[in-house]
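The block underneath contains the structure these notes are about, expressed in structure tokens.
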Amino acid sequence: MVMWLKNGMSFNENGQLVRTHIKIEHGNIAAIHHEQLFEANGEDVIDVGGKLIAPGLIDVHVHLREPGGEAKETIETGTLAAAKGGFTTVAAMPNTNPVPDRKEQMEWLARRIQETAHVRVLPYASITLGQKGEELTDFAALKEAGAFAFTDDGVGVQSAGMMFEAMKRAAALDMAIVAHCEDDTLKNGGAVHDGDFARRYGIAGIPSVCEAVHIARDVLLAEATGCHYHVCHISTKESVRVVRDAKRAGICVTAEVTPHHLLLCDEDIPRLDANYKMNPPLRSRADREALIEGLLDGTIDFIATDHAPHTAAEKAKGMEAAPFGIVGLETAFPLLYTHFVKKNVFTLKQLVDWLTIKPAQCFGLQTGRLEVGAPADITVIDLETEEPIDPETFASKGNNTPFAGWRCQGWPVMTFVGGTLVWEKGRA
């Protein structure tokens, strides 16, 4: 099948936004033209009416909950949410039940993805059996079964010796270690950041050093092993400083930041609302400013959502008892576009890169770019229409978001994976 996307706008090789027409053939981008007037020769044509044509967005940090957490999310619903948010590739975290810690479980997961996913799913395998931090998994067997990288996301690997051995094994296989950085001896049983909000409501707080101390440990282990070490959802100014210093030292470390840590701090939490409870927690205003600075100067490599759906009943348990996490796939681009690009903090090109080519480069993916010969993973985005965020319309099973009612521009309207239209606004 041959198809054209006509009359869009995309970035040329000089970073300029120009009129664009893209030919899709056999699942790949077959041609890109930038003529103002263009006519296709009999092929199917979709006129996108001047909207932005971007590479399909990439999110290397999502929780699809299946198996074991299907009341919260499934591979089917989570990837539909991804498509609705403009994401064509997502990497699924392994904190499921059972954990993908053995070849057989990873093979089951691959089959389930093949059967039900709407977009590309890259499955993580766990670093330790059951994510218990006690015994390493068989990295080679899990890589053979399709593991994208190794992580115990949701829990930090507490033993330096265990992490050191994991990095050695991962480096030997040219695989990445992806880390949720949290020292259990410093968590303090906290539900929010150890700051103004915690003190106001008398809630135990999680100190910033809880995260930063693990990153400081791990970058030295990465230096010793030559492993690619990736920091999940970085949240503190101290963590940014450690990563910045490690990069200057030539250590192979990359880092991601979430939209919610860029947009909010603990001062913005209006009340004891568990939709503002996530891990790492919303930090101080100074931390938020350091994250923005770190993203702009390249210390932080890209943006990932940490999409973490929970049921309404779970979140109704309150700030202290509810589980950590918020959903993010369907709101990431419009939130970031509206509150950073429209306010001239980021450029549109920077935002698109942080959600496409930057994660692709960090993890050696073939997607995330508009080039002839590349997979036709494409997102069409309406930069003009303003709409409120309405959790009742989410494709995700989860509607746990602190952003309900926020009015945004920059809404995806069409998402293509391998040249196939997998989601379109207004289409049932």
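- Judged by distance alone, with hydrogens and angles left aside, the side-chain atoms of Lys51 form no donor-acceptor pair with the main-chain N or O of Met9 at under 3.5 Å.
- At a threshold of 4.0 Å, the pair Glu165-Lys168 counts as salt-bridged, since one of the basic side-chain nitrogens sits closer than that to a carboxylate oxygen.
- With respect to the salt-bridge test (charged N to carboxylate O, under 4.0 angstrom), the residues Lys425 and Asp382 do not qualify.
- Taking the centre of each ring, His230 and Phe302 come in below the 6.0 Å mark.
- Contact check on Lys247 versus Asp301 returns a salt bridge, with a Lys/Arg side-chain nitrogen under 4.0 Å from an Asp/Glu carboxylate oxygen.
- Using modelled atom types, one finds no donor on one side chain facing an acceptor on the other under 3.5 Å when comparing Asn400 with Glu314.
- Between Phe340 and the choices Phe333, Phe346, Trp354, the ring pair (Phe, Tyr, Trp, His ring centres under 6.0 Å) rule is met once, by Phe346.
- Taking the centre of each ring, His260 and Tyr276 stay at or above the 6.0 Å mark.
- Using a 4.0 Å cut-off between a side-chain N of Lys or Arg and a carboxylate O of Asp or Glu, Arg111 and Glu107 do not qualify as a salt bridge.
- Between the Glu330 side chain and the Ser396 main chain, a donor and an acceptor come within less than 3.5 Å of each other.
- The environment of Asp174 atom CG is sparse: at most 12 non-hydrogen atoms of other residues, nucleotides or ligands sit within 6.0 angstrom.
- A distance-only check finds a donor-acceptor pair linking the side chain of Lys315 to the backbone of Gly325 [under 3.5 Å].
- In this structure, the side chain of Lys72 does not engage the main chain of Ala308 through any donor-acceptor pair within 3.5 Å.
- Partners of Tyr229 by side chain to side chain donor-acceptor pair (under 3.5 Å), not counting sequence neighbours, listed by chain and number: Asp218.
- Checked by atom type, the side-chain pair Asp101/Ser126 shows no donor-acceptor distance below 3.5 Å.
- Within the 4.5 Å cutoff, side-chain heavy atoms of Val257 are placed close to those of Ile303.
- Ion pairing between Asp353 and Lys349 holds under the 4.0 Å rule for side-chain N and carboxylate O.
- Taking 4.5 Å as the limit, every side-chain heavy atom of Asp273 sits out of range of all side-chain heavy atoms of Pro402.
- Every side chain to side chain contact (heavy atoms under 4.5 Å, CB included) that Asp47 has, sequence neighbours left out, goes to Asn7.
- Of the candidates His261, His307, His180, His233 forms a ring pair (Phe, Tyr, Trp, His ring centres under 6.0 Å) with just one, namely His180.
- What you find for Ala360 and Thr367 is that their closest heavy atoms are CB-O, 3.2 Å.
- With contacts defined as side-chain heavy-atom distances shorter than 4.5 Å, the pair Leu136/Ile127 qualifies.
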### Query
For Glu256 and Cys232, what are the C-alpha separation, side-chain angles and deciding distance, and is it a side-chain contact (heavy atoms from CB on, under 4.5 Å)?
CA-CA 6 Å; Glu256 70 191 41; Cys232 290; 3.9 Å; yes

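- In this structure, the side chain to side chain contact (heavy atoms under 4.5 Å, CB included) partners of Gln105, at least two apart in sequence or on a different chain, are Pro67, Pro98, Pro100, Trp108.
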Criterion side chain to side chain donor-acceptor pair (under 3.5 Å) on Thr236 and Ser208, from CA distance to verdict
CA-CA 6 Å; Thr236 78; Ser208 296; 5.0 Å; no

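- Closest non-hydrogen pair, Val119 versus Ala82, comes out as CG2-CB, 4.1 Å.
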